[in-house]
Amino acid sequence: MSRRLAAFGVGIVWASSVLLCGCDRNPDQARPETGSTGATSAATQSAADPALPAETSRRPTGVDRQDDPAAPRALPKTHELHGWIKTEPVQVFPPDRLAEALFATDLADAFGTFRIRKAARCAYRHDSTVAQVLLIEAESANDAFGVFSIMTPRSGVFHPADGTIRVVTRESGAVVATGWQGDIVAQIRCVVQSDAGETALSAEQCEGLLVRILFNVPSAEPPWLLRAILSEKGEMTKVWLVRRTAALTAVGHPVLRQIDPGVMDARLGLNGEVFLAVASVPVAKGERPNIIWLVRYETPADAQAAGQRYQQALQSARGALDANTITDEPKGRFLVGSWTADQESLQNLLPKFRTILPD
C-alpha cells in the first residue's frame, strides 16, 4: 500500500485525513527514484540471499566477525550486499560518546538535546568507492527525525515506495546521503579512492547503500508535526523538529541563530517533553521565506499559558527577532506563530494553518 504526506502551503489539507499507512516493503521498490536523486541503483537488493553463488567465495572477505556484539541489525553484513564489502567493523557508541561517532562534531551539543539510544560507525567499499556509515538510533521517531532535520542542510524528499525521507548532496568531492526511517537516522559519506586517478562518483550508488540499510528498519509514519507543517511539494519546505531551541541555533540559519535558547524555551514551555516544529516556507521569487512554528502541548492549559507568556514578552520586545514575531491565539493544545511577521503579512499562512488544527 502506498503512503501519502499531508499537503501544506497555499493549498492546505489536514494531514490526519491522509496519514500514511503501512505497506509490504520490497527492497526493489525502495530503490532511488529517477528524477529525485538519480536512477535505480543495483545496490538495493534483498538481504535474504538464500545461498551465496560460487564466485562469492573469491571476493575479498569482509570484517563482519569483528563487529561489536551490539551492532544494529540495520547495518548489513558483507554477504547481504551486492558488490559492497565491509572494510571497517561496526563500532557502537553510547549517548555520552556520541561526538566520537559523528562526521561533524560541531553538532554534538545539538544532538544532545534529543533522546538517543546509541550510535554506530562502520565502512564499506565498492570497487574504488569507500562509504563511511553513521547510524543513530533514537528513542522515538520524533527524536530520529529531529536529528535528521538538524543534520541535513536541505529539506528531505519523501519516497512512498519505502516510507523513507532522504537527502543526497555533494560536499567537497564526497556524496553525502542521509535518510530517516522510524527511530533510525543513517548518513553515508562516499568518496572515490583509486590509484588510477579520480573517477566520477555515483550518487545513486551511495544512495543505494543508504536505501539498503534503511530497508532493515521497521517503517513508521513521519512525525505528525511534519505532516501538519508540510508544503504541497515536500521537497520545497525545510522542516526542523526539536525538543529544545538550542538545537535550532546550531543550523546557522540567519533567523534561527537570533534565538536565545534559555529565554525561548521558557516562553514556549519547552520542558523536554514537547516538540517544536519550525518550517521555512517559500514566499515568492526574490522574497525571504516565512519562518513559521508550531507546538502541540500536553493540555490546552499549557498552550494558553505559553501564548500568554509570549504575548507579554512581545509587549516589551527588545531584539530584532521579537520585533518581527507574530503569534496566533492558542487553539486547543496548539500554539502557532511566525518569526518573520513581514513575510507572514504577504503569505497569510497562520489563519489557514489554524483551520487545519483540531480543537
Side-chain angles (χ1 to χ4, degrees), residues 4-19 142 149 155 158 222-242 245 248 253-256 258-259 264-265 267-270 274-317 319-359:
R4 296 187 292 129
L5 288 175
F8 178 75
V10 177
I12 299 178
V13 292
W14 175 230
S16 63
S17 66
V18 290
L19 295 183
N142 282 341
S149 71
S155 57
F158 175 67
W224 77 269
L225 285 170
L226 173 64
R227 301 194 301 269
I229 205 167
L230 201 65
S231 69
E232 185 173 9
K233 293 183 178 180
E235 69 276 10
M236 294 177 61
T237 298
K238 174 62 180 176
V239 178
W240 298 273
L241 187 66
V242 299
T245 54
L248 294 174
H253 190 281
V255 173
L256 302 182
Q258 299 177 50
I259 295 173
M264 190 61 71
D265 287 358
R267 284 185 193 175
L268 290 175
L270 301 182
V274 298
F275 281 89
L276 164 70
V278 181
S280 176
V281 184
V283 176
K285 187 175 181 179
E287 293 284 349
R288 295 180 297 108
N290 185 6
I291 308 300
I292 61 175
W293 49 267
L294 162 70
V295 185
R296 182 179 69 173
Y297 294 93
E298 294 295 321
T299 67
D302 291 338
Q304 288 289 337
Q308 292 172 5
R309 285 193 302 269
Y310 219 132
Q311 284 301 316
Q312 291 173 358
L314 294 180
Q315 290 174 9
S316 58
L321 185 66
D322 283 351
N324 202 22
T325 295
I326 183 173
T327 64
D328 201 357
E329 286 292 322
K331 181 179 181 182
R333 295 189 293 158
F334 301 89
L335 180 65
V336 298
S338 170
W339 285 321
T340 49
D342 51 353
Q343 301 305 87
E344 170 60 23
S345 67
L346 299 175
Q347 205 167 36
N348 202 32
L349 281 183
L350 295 187
K352 298 175 183 178
F353 195 29
R354 183 181 181 84
T355 64
I356 70 174
L357 295 175
D359 296 321

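Computed over heavy atoms, backbone and side chain alike; hydrogens, waters and symmetry mates excluded.
Using modelled atom types, one side-chain atom of Gln347 and one backbone atom of Pro282 make a donor-acceptor pair closer than 3.5 Å. A donor-acceptor contact shorter than 3.5 Å links the side chain of Asn324 to the backbone of Ala341. Not a single donor-acceptor pair under 3.5 Å links the side chain of Ser280 to the backbone N or O of Lys238. With Tyr297 contributing its side chain and Leu268 its backbone, the two residues share a donor-acceptor pair below 3.5 Å.
Contact record, Leu335 with Asp328: CD1-O, 3.5 Å, taken as the closest heavy-atom pair. The heavy-atom pair separating Ile259 from Leu248 by the smallest distance is CD1-CD1, 4.1 Å. Taking every heavy atom of both residues into account, Val255 and Leu321 meet most closely at CG1-CD1, 3.9 Å. Here the closest heavy-atom approach between residue Gly332 and residue Ala303 is recorded as O-CB, 3.5 Å. Contact record, Val274 with Gly269: CG2-O, 3.8 Å, taken as the closest heavy-atom pair.
Other residues, nucleotides and ligands contribute only 12 or fewer heavy atoms inside 6.0 Å of the CD atom of Glu329.
Note that the OG1 atom of Thr327 and the CZ atom of Arg267 stand 10.5 Å from one another [nearest 0.5 Å]. Of the inter-residue distances, the one linking Asn348 atom CG with Leu350 atom CG reads 8.0 Å to the nearest 0.5 angstrom. Rounded to the nearest 0.5 angstrom, Ile356 CD1 and Lys331 NZ are separated by 9.0 Å. Here the CG atom belonging to Asp322 is positioned 12.0 Å from the CD atom belonging to Gln315, to the nearest 0.5 angstrom. One finds the CZ atom of Arg354 at 8.0 Å from the CG atom of Leu357 (value rounded to the nearest 0.5 Å).
Looking at Val239, Ile292, Leu256 one by one, the single match for side-chain contact (heavy atoms from CB on, under 4.5 Å) with Val278 turns out to be Leu256.
Remark: Trp339 pairs with Trp293 by the ring-ring contact (aromatic ring centres under 6.0 Å, His included) rule, at least two apart or across chains. Partners of Ser338 according to the side chain to side chain donor-acceptor pair (under 3.5 Å) rule, which considers only residues two or more places apart in sequence or in another chain, are Asn290, Thr340. A search for side-chain contact (heavy atoms from CB on, under 4.5 Å) contacts involving Ala301 returns Thr299, not counting sequence neighbours. Under the ring-ring contact (aromatic ring centres under 6.0 Å, His included) criterion, Phe275 pairs with no residue, sequence neighbours left out.
Residues His253 and Ile291 form a side-chain contact, since some pair of their non-hydrogen atoms from C-beta on lies under 4.5 Å apart.
Among pairs with a residue in residues 332-351, those fulfilling salt bridge (charged side-chain N to carboxylate O under 4.0 Å, His left out) read Arg288-Asp342, at least two apart in sequence or across chains. For residues 306-317, there are no salt bridge (charged side-chain N to carboxylate O under 4.0 Å, His left out) pairs, not counting sequence neighbours.
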